[in-house]
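Below is one structure, written out as structure tokens, with a few remarks after it.
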Amino acid sequence: ILAETWKKEARFASIAPHIVLNPSYQQIIGMGVEVVPYILEHLRIEPNYWFWALKAITGEDPVNPQDRGDVEKMTQVWLDWGRSNGYII
């Protein structure tokens, strides 16, 4: 529900702070590592700005600096990270 609310509320936002500081997005981050599998599943289905949440929750950032901004590459790196760390089976 929070993910859908966030997508509706942030759909017209064009700058990162408005996207990631959204109250629903922040509530998702506040749920902690238990939501990581769900975030990764959302990311797999529909690449979106979940990278900030994943980094905030896990303390990890597997994306190479040269790949920042490339949503497709960033998505693949995070999905690979999720498999390697047992969040995706």
Side-chain angles (χ1 to χ4, degrees):
I1 294 171
L2 287 172
E4 292 304 316
T5 302
W6 166 66
K7 285 195 295 186
K8 287 177 188 172
E9 292 172 350
R11 71 178 164 220
F12 298 115
S14 60
I15 57 175
H18 291 147
I19 295 169
V20 300
L21 294 178
N22 174 279
S24 296
Y25 191 88
Q26 290 298 307
Q27 281 185 277
I28 292 167
I29 291 172
M31 293 177 164
V33 295
E34 294 154 2
V35 297
V36 170
Y38 300 103
I39 292 174
L40 292 169
E41 181 63 12
H42 276 274
L43 190 60
R44 184 187 68 76
I45 294 168
E46 181 183 358
N48 211 328
Y49 288 93
W50 288 113
F51 314 114
W52 180 289
L54 288 166
K55 182 178 177 182
I57 294 167
T58 67
E60 301 283 335
D61 189 1
V63 177
N64 291 320
Q66 68 268 18
D67 293 334
R68 296 202 194 294
D70 185 331
V71 174
E72 188 175 309
K73 284 185 181 179
M74 293 172 71
T75 297
Q76 191 56 54
V77 168
W78 272 106
L79 293 176
D80 291 344
W81 177 91
R83 284 183 201 91
S84 296
N85 287 279
Y87 290 102
I88 299 175
I89 299 173

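Every heavy atom of this structure was used, including side-chain atoms; hydrogens, water molecules and symmetry mates were not. Given the structure is predicted, the values throughout are model-derived calculations rather than measurements.
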The side chain to side chain donor-acceptor pair (under 3.5 Å) partners of Asp80 (sequence neighbours excluded) come to Gln76, Arg83
Of all heavy-atom pairs linking Val71 and Phe51, the shortest is O-CZ, 3.9 Å
Could you list the donor-acceptor pairs under 3.5 angstrom formed by side chains in residues 35-44, with sequence neighbours left out?
unit_1, atom_1, unit_2, atom_2, d
Glu41, OE1, Arg44, NE, 3.2
Glu41, OE2, Arg44, NH2, 2.6

query = Is there a side-chain contact between Thr75 and Glu72 (heavy atoms, below 4.5 Å)?
reply = no
For Pro62 and Val77 the tightest heavy-atom approach is O-CG1, 3.3 Å
State plainly whether one hydrophobic cluster holds both Val33 and Trp50, where clusters connect Ile, Leu, Val, Met, Phe, Trp and Tyr through side-chain heavy atoms under 4.5 angstrom apart. yes
Sequence neighbours excluded, the answer for side chain to side chain contact (heavy atoms under 4.5 Å, CB included) partners of Ser24 is Leu2, Thr5, Trp6, Glu9, Asn22
Residues at least two apart in sequence or cross-chain that pass salt bridge (charged side-chain N to carboxylate O under 4.0 Å, His left out) with Glu4, listed by chain then number, are Lys7
Residues 24-37 vs salt bridge (Lys or Arg N to Asp or Glu O under 4.0 Å), sequence neighbours excluded, gives none
In this structure, OH of Tyr49 is separated from CE of Met74 (nearest 0.5 Å) by 9.0 Å
Original post:
Are Tyr25 and Trp52 close enough that some pair of their side-chain heavy atoms sits under 4.5 Å apart?
Top reply: yes
Here the gap from Tyr87 atom OH to Leu79 atom CG, rounded to the nearest 0.5 Å, amounts to 14.0 Å
Ignoring hydrogens and angles, tell me if any N or O in the side chain of Asp67 forms a donor-acceptor pair with the backbone of Val63 under 3.5 Å.
no
task = Determine whether more than 12 heavy atoms belonging to other residues, nucleotides or ligands lie under 6.0 Å from atom CD1 of Ile1.
result = no
Residues pairing under salt bridge (Lys or Arg N to Asp or Glu O under 4.0 Å) where one sits in residues 47-60, two or more places apart or in two chains, turn out to be Lys55-Asp61
